[in-house]
Amino acid sequence: MPDPNNNPGSRWWKIDFHTHTPASNDYKQRAITPEEWLQHARNAQLDGVVITDHNTGGWIDQLKVVNDRMNHKEGTQPLTLFPGVEITVADSASRVHLLAVFDPSCDSQKITAVLGACGITDNFGDSEATSTTTGFAETVKKIKEAGGVAIPAHIDGNKGLLEHKRTGGMTNEVSKSLTQIYAAEFCQENAFSEADPSLKKAIDRLAKVGGSDAHQPEEIGKHYSWLKMSKLMIEGVRLALSDHQFCVKKQEENPNTLPEIYLKQLSISRMVHCGAIPPNFACTVPLHPHFNAVIGGRGSGKSTLVESIRIVTRREDELGGTLAGNLKKFNCKHNGKEGVMRDDTALFLEIQRRSNLFRLLWRFSGKGAVVEEYKGDKWQQVEQGDLKERFPLRIYSQKQIFDLASNPRGLLEIIDSAPETDRKEWGSRWEITKNRFLELRLQQRKLEKQLTRESTVRAQLGDLDNDIRDYEEKGHGAILQRYQKLSQQKNSLPGTAQFEQLSKNLQKLAAEAALSDFPSHLFSPEDATLPELLSIHDEAAQGMQKVAEELQNLATTVEQLQQQRTSKITASQWSHSVEAGESAYRNLVQEYAAKGHASSLADYGKWVQQRHSLNQELARMEGLRTELNSVQQELIERQRQFENLRHELAEKRRAFLAQVIGSNPYVRMELVPFGDVSNVEENYRSILELGEQFVSSVYSQEEKKGILAPLVEWETKRTPIAELPNLIDRIKTDTRDIAEGKASGNHGAFTNRLTGYLKDEAVKDVKAANFDQLDLWWPEDLLRVKYNKDPNHLEKFEPLEKGSPGQKAAAILAFLLSHGTEPMVIDQPEDDLDNALVYDLIVRQLRANKLRRQLIIITHNPNIVVNGDAELVHVMAYKNGQTQVSHQGGLEEEKTRTEICTIMEGGREAFKKRYERLTLENDHVV
């Protein structure tokens, strides 16, 4: 598994803020060695430990020497030591303990100097025999002046600053002391839950740090805090404690987590203006698994990163209009005016997906592998597959966001791509049902065509019956009557068609009795639920296989019944009677021929044969009629399946919106099934091949009339949403009635066009398929989007189309940032937003979003970077004709903060807003 700690930028560090060594007089195992002490800290899985002996730094130097040696030993967990001291402060009438924490680069001399400045010059290591000559506030000031951080020890316990203040009110002395600090060590986090409101408010602003106050090695790491920073240094500690809401955690579980998939590193090689510097010929950008902020001046190449990611992940087709044109100009061979590519330009994007590391490759030449996986310490080519499905990623420019606000249909595509909706799987079921429906319609027409002769056959049979009856009444004896009766019996017996049809239907059911393939692509191989679910699926599949075998056996049984029946009838007494009757009839024919009456008897025989043939044809038509009824019943069922599938899709979309949007204070979305009529006329004309003709019959926008008018105008006429399916069915029914000449009223040329489709034998079969497609047509669902002018008042939602560009962008961003776990790249999302929207919307949602997914934000707004709490800031610069990453780092690094304040207008104000307490005291933070 990938190590969540092995990434550039900020991460969470486990720190014990309060530990003692044998340098403290009250330490319980004074014979312990530095190696043993340090090993106990490592055993506690600590990243950092603060050495805070009583009024001394006596063990700091030797611990640092030994720790440095252990850190360089292969296989040893790195450990950072923060020099510190627990100072006994003489404060008014009591003594309180105060922790002073300094940078890892400091040594014992720093501790001695601070103690001396506070009046402690002897009795080092003793918490009782000495104390400061400075009060609490002055001691805190001395610590800060020395570059340290002051933290009251066990503030609510013995020798704590607030030991006796749990139930009392806020005094001037307490208020003065609390305003000097921004963190404290608490024995009980809720110790002041019942305190005076003003005291409780002052305490709530403090970071609550964990310290074990370890006086024996086994206690090291018993209590600790997680602090967020990029490097273990005092500046990072100071900033984290000042922003404890987001940068300090007291919990057992490790908060360093990784999303299931994230972009690990982008490399651009031999592009005209990027990655062309020898000897490496590559611009490599390591990425953080959570929030990456990309900043830089105009022309620094920020968007080069975005377009490179878009190209290497093969997402060029997601752009349209001018954006597609701009990308095309970017992604072409350099000609002096446009294009940044050369023949040897290459892009490499490493993607971590769970425990597997992949690399996507793109070369301008089009040669070489597309996907590689890191196996056995080397890259190996693997199957490409569907890149978008294997490596989900979302990339949005400011223009794309605006387009989504202007055309919410694009939002449906995003909703449909979510696993909860899974439009792809739904679409495969829709296509299967659609194809079967079209097959049935074609079969229906063929059967109906074959049955058009039925009335003619019945009329011919009636005429023959009359002729034969007249002939027989003239008297030809019992032989003729018996022959006729036996012939009727023979022709009227059920034929083999019923058996054959039943066998055919059973074989068809057997072929369909198979369970769909298990959707393995939606599950991780490491998913613990997969084996159980796969076992359930396999068991059901085996059961379906048995059903199929039993149906096939039934079909075989039907065939055997047919054969047995035929054999038994052939051997029956009745069959012998038929043979005897037919033999007698043949003898009669010979007799009549000898007497010279062959013509009359020949006509009679011909009539009987014709009647026999017509009866056989009618029997065959009965089989066709049975088959047609079966086809028509299945067509009804398939149409019901279409309706159910559309309702299922709408319900999935609604459920997704309810889950994702919920009570979002910025945006609301309502789904109206079949409500999007923007393309209704275009689709209708396309299906029926009407071109732009028949305006008054199809839809006249000026006159608000035509067959489509009730549906197109449903919102204007305030038609109930529940009525929309009926309007759609009426359009289909009325259109077919016009084509079949059943409609009332005169539609003129429109009627002639549609009736011609079904009357012209040359095109009838082809045009009839148009009406099949019409029966399969339903308008898309309508997504109504509303935005909120004031997130503090949820009753003020307005239709999105009424909003300003900034309000529209805010609503769409609220939706985009509210769901999903795949990486998201956003290029300058703040362009249309004022600063209030940036802070209220983007900053808040970025902080929540980056906990579950990777974000890469290209921005020139410092609030997004600073108050959005970017884990890694990438500073882009254009130097010597090349786009380069001039700096990467976390926000607590001075170089990073300097770059932000230099490049981004309002950078200093953004830092002040986030670190207000610190900047009031310590302006050098920004």
Side-chain angles (χ1 to χ4, degrees), residues 10 13 15-19 47-53 55-61 63-64 67-68 80-87 89 97-121 124 132 134-153 177 179-185 206-207 209 211 225 227-244 247-248 889-898 901 911-912 914-926:
S10 298
W13 305 85
I15 303 173
D16 185 341
F17 276 87
H18 192 172
T19 66
D47 297 305
V49 59
V50 185
I51 307 163
T52 52
D53 282 310
N55 304 309
T56 184
W59 254 51
I60 289 174
D61 293 342
L63 282 176
K64 289 186 65 175
N67 188 59
D68 185 60
T80 299
L81 301 181
F82 285 86
V85 62
E86 184 173 10
I87 304 174
V89 180
H97 287 190
L98 178 65
L99 303 177
V101 186
F102 297 94
D103 192 76
S105 62
C106 298
D107 56 20
S108 61
Q109 292 183 8
K110 171 72 73 171
I111 306 302
T112 302
V114 171
L115 290 172
C118 297
I120 296 178
T121 57
F124 298 117
T132 63
T134 54
F136 183 87
E138 184 64 21
T139 303
V140 170
K141 182 180 178 182
K142 297 290 185 184
I143 295 170
K144 290 181 178 179
E145 289 174 347
V149 173
I151 302 175
S177 297
T179 56
Q180 304 300 312
I181 58 174
Y182 40 87
E185 177 192 26
L206 300 178
V209 302
S225 288
L227 267 64
K228 185 179 176 186
M229 65 191 87
S230 62
K231 300 176 183 177
L232 282 170
M233 54 185 181
I234 197 62
E235 186 72 354
V237 171
R238 181 183 291 112
L239 292 174
L241 294 178
S242 71
D243 192 30
H244 62 88
C247 295
V248 179
L891 291 172
E892 74 285 351
E893 297 177 41
E894 185 176 357
K895 171 68 172 173
T896 305
R897 300 198 302 277
T898 300
C901 293
F911 276 110
K912 286 183 177 180
R914 177 170 180 179
Y915 302 114
E916 183 175 357
R917 292 187 304 277
L918 274 183
T919 53
L920 290 175
E921 308 164 353
N922 215 359
D923 195 58
H924 78 273
V925 168
V926 294

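Residue numbers count from 1 along this sequence.
With rounding to the nearest 0.5 Å, the separation of CD1 in I87 from OG1 in T139 is 6.5 Å. Summarising the geometry, atom CG belonging to L81 is positioned 11.0 Å from atom CG belonging to D61; distances are rounded to the nearest 0.5 Å. Going from atom CD of E235 over to atom CG of L891 covers 12.0 Å, rounded to the nearest 0.5 Å. To the nearest 0.5 Å, the span separating CZ on F124 from OG1 on T112 amounts to 6.0 Å. Residue T52 holds its OG1 atom at 8.0 Å from CD of E185, rounded to the nearest 0.5 Å. Atom CH2 of W13 sits about 15.5 Å away from atom OG of S225, to the nearest 0.5 Å.
The nearest pair of heavy atoms linking P83 to P104 is CD-CA, 3.8 Å. Residues A184 and L206 share a closest heavy-atom pair of CB-CD1, 4.2 Å. Across A146 and K110, no two heavy atoms sit closer than the pair O-NZ, 3.0 Å. Across all non-hydrogen atoms, the minimal contact from S10 to G890 is OG-CA, 3.9 Å. The two residues I111 and G57 have their closest heavy-atom pair at CG2-N, 3.8 Å. Nearest heavy-atom pair across F102 and G84 is CD1-CA, 4.4 Å.
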Working note: I120 + T132, criterion side chain to side chain contact (heavy atoms under 4.5 Å, CB included); need CA distance, chi angles, decisive distance, verdict.
CA-CA 6 Å; I120 296 178; T132 63; 3.9 Å; yes
Can I151 and L241 be said to form a side chain to side chain contact (heavy atoms under 4.5 Å, CB included), step by step?
CA-CA 10 Å; I151 302 175; L241 294 178; 4.1 Å; yes
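Considering only residues two or more places apart in sequence or on other chains, D103 meets the salt bridge (Lys or Arg N to Asp or Glu O under 4.0 Å) condition with none of them. Partners of A150 under the side-chain contact (heavy atoms from CB on, under 4.5 Å) rule, at least two apart in sequence or in another chain, are L98, V140, I143. Among residues two or more places apart in sequence or in another chain, the side-chain contact (heavy atoms from CB on, under 4.5 Å) test is passed with A240 by L227, C247. Looking at residues two or more places apart in sequence or on another chain, you find no side-chain contact (heavy atoms from CB on, under 4.5 Å) involving A113. Applying the side chain to side chain donor-acceptor pair (under 3.5 Å) criterion to N55, with sequence neighbours excluded, gives T88. Evaluation of the side-chain contact (heavy atoms from CB on, under 4.5 Å) rule for E138 yields T134, K141, K142 as partners, not counting sequence neighbours.
R238 places a side-chain N or O within 3.5 Å of a backbone atom of G147 that can act as its donor or acceptor partner. K64 contributes a side-chain N or O that, together with a main-chain N or O of C106, makes up a donor-acceptor pair within less than 3.5 Å. A side-chain donor-acceptor contact under 3.5 Å links E892 to the backbone of S230. Looking at Q180, its side chain never comes within 3.5 Å of a backbone N or O of S177 through a donor-acceptor pair.
In this structure, the side chains of F17 and V237 come closer than 4.5 Å at one or more pairs of heavy atoms. A heavy-atom distance below 4.5 Å is found between the side chains of V85 and L115. L99 is not listed as a side-chain neighbour of V50, based on a closest heavy-atom distance of 4.5 Å or more. You'll find the side chain of I15 reaches within 4.5 Å of the side chain of L232, heavy atoms only.
A side chain to side chain contact (heavy atoms under 4.5 Å, CB included) with L239 is found for exactly one of R897, M229, K228, M233, namely R897.
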